[in-house]
Amino acid sequence: MKKSKSSTTAAQTGAKKRPASKKSPFATPPHPLGYNYIPEGRPIRATTFAAILPSVIAKYGLGRKLGVERFQTAWHESLAEVFGASRSQDHEVDGGDQYALFTRHTRLLTFRGGVLRVEVASNLLYQELQFQLADLLRAMRARLPNENIKQIKIVVR
């Protein structure tokens with residue numbers, strides 16, 4: 001067999017072989033829990049809770065739950081603002097009772113494309129909410145300014 005001229009060995013080029021790296025017997029042992037050991041005794045720099053929080057929220061799917069809770073809170077506060085302070089002129093029911101009625105019989109469904117869909121239990125509640133829709137939209141926009149709520153659509157169950 002012929003050897004090609006292009007193949008050279010380490011001995012021919014004069015390069016030294018690297019010895020296999022041996023660990024020092026006096027090196028510090030690894031921490032039993034896997035932490036990096038700092039031999040100088042310097043404290044390990046801790047990260048802030050605010051830096052860790054977004055990754056924890058994403059890992060456990062809490063972002064969606066927090067968003068739903070924020071919309072629910074804003075909806076109830078908006079209902080309290082619109083129905084809580086004023087007395088109804090046509091009905092004998094005061095605003096507090098209307099607020100309780102609407103919180104029991106309305107439910108937020110979805111928020112997509114700037115449209116907030118709200119489900120109501122009856123046609124009577126649908127009609128009453130239609131009269132107050134502009135005030136409710138204004139109150140929701142004030143409570144959630146970053147969400148860009150364009151419209152509230154009411155759906156009867």
Side-chain angles (χ1 to χ4, degrees), residues 6 15 18 20-24 26-157:
S6 64
R18 292 183 187 169
S21 63
K22 293 182 180 178
K23 292 187 178 183
S24 169
F26 301 106
T28 56
H31 193 278
L33 296 177
Y35 298 114
N36 291 334
Y37 180 75
I38 301 177
E40 294 89 31
R42 293 188 325 239
I44 297 174
R45 180 179 290 172
T47 58
T48 62
F49 184 71
I52 298 171
L53 190 61
S55 62
V56 171
I57 287 173
K59 181 177 180 181
Y60 293 106
L62 300 174
R64 186 180 188 295
K65 292 177 184 176
L66 290 173
V68 169
E69 181 65 29
R70 196 174 49 154
F71 270 93
Q72 288 286 351
T73 303
W75 176 250
H76 289 295
E77 289 173 356
S78 299
L79 286 174
E81 179 183 324
V82 172
F83 294 109
S86 66
R87 284 178 117 19
S88 177
Q89 297 173 357
D90 300 335
H91 305 288
E92 297 163 0
V93 178
D94 66 329
D97 290 340
Q98 279 186 336
Y99 166 72
L101 181 71
F102 282 110
T103 54
R104 267 184 282 145
H105 296 290
T106 61
R107 183 173 65 130
L108 297 180
L109 292 177
T110 59
F111 178 67
R112 290 190 189 121
V115 178
L116 181 66
R117 293 187 67 209
V118 178
E119 181 181 61
V120 296
S122 70
N123 288 327
L124 293 173
L125 295 176
Y126 170 83
Q127 185 176 6
E128 185 65 33
L129 277 179
Q130 284 293 334
F131 290 132
Q132 303 295 334
L133 198 58
D135 295 333
L136 285 169
L137 182 60
R138 193 175 312 112
M140 286 293 288
R141 284 179 180 164
R143 281 168 179 66
L144 300 171
N146 295 333
E147 296 298 332
N148 193 21
I149 300 173
K150 298 175 187 172
Q151 178 184 359
I152 296 177
K153 184 174 181 179
I154 303 170
V155 179
V156 179
R157 211 181 296 176

Check: So with a 6.0 Å cut-off around CZ of Arg143, is the heavy-atom count from everything else above 12?
Finding: yes
Check: Is it the case that more than 12 heavy atoms not belonging to Phe111 sit under 6.0 Å from its CZ atom?
Finding: yes
What distance do [X] atom [atom1] and [Y] atom [atom2] have between them, rounded to the nearest 0.5 Å?
{"X": "Leu144", "Y": "Glu77", "atom1": "CG", "atom2": "CD", "value": "9.0 Å"}
{"X": "Ile152", "Y": "Leu137", "atom1": "CD1", "atom2": "CG", "value": "5.0 Å"}
{"X": "Gln130", "Y": "Asn123", "atom1": "CD", "atom2": "CG", "value": "11.0 Å"}
{"X": "Ile52", "Y": "Lys59", "atom1": "CD1", "atom2": "NZ", "value": "12.0 Å"}
{"X": "His105", "Y": "Glu128", "atom1": "NE2", "atom2": "CD", "value": "13.5 Å"}
{"X": "Lys150", "Y": "Leu116", "atom1": "NZ", "atom2": "CG", "value": "13.5 Å"}

Item checked: Counterpart residues, side-chain contact (heavy atoms from CB on, under 4.5 Å), relative to Val68 (two or more places apart) -> Arg64, Gln72
Note to self: Please verify the inter-ring angle class for His76 with Tyr99; under 30° counts as parallel, over 60° as perpendicular, anything in between as tilted.
What the structure shows: perpendicular
Next item on the list: Evaluate the side-chain proximity of Thr106 to Trp75: yes if any heavy-atom separation is below 4.5 Å, no if none is.
Entry: yes
Next item on the list: Keeping the roles fixed (side chain from Arg141, backbone from Ile149), state whether a donor-acceptor pair exists under 3.5 Å.
Entry: yes
Margin query: Run the side chain to side chain contact (heavy atoms under 4.5 Å, CB included) test on Phe83 and Leu129 for me, step by step, so that the C-alpha distance in whole Å, both residues' side-chain angles and the decisive distance to 0.1 Å come before the verdict.
Written below: CA-CA 10 Å; Phe83 294 109; Leu129 277 179; 4.1 Å; yes
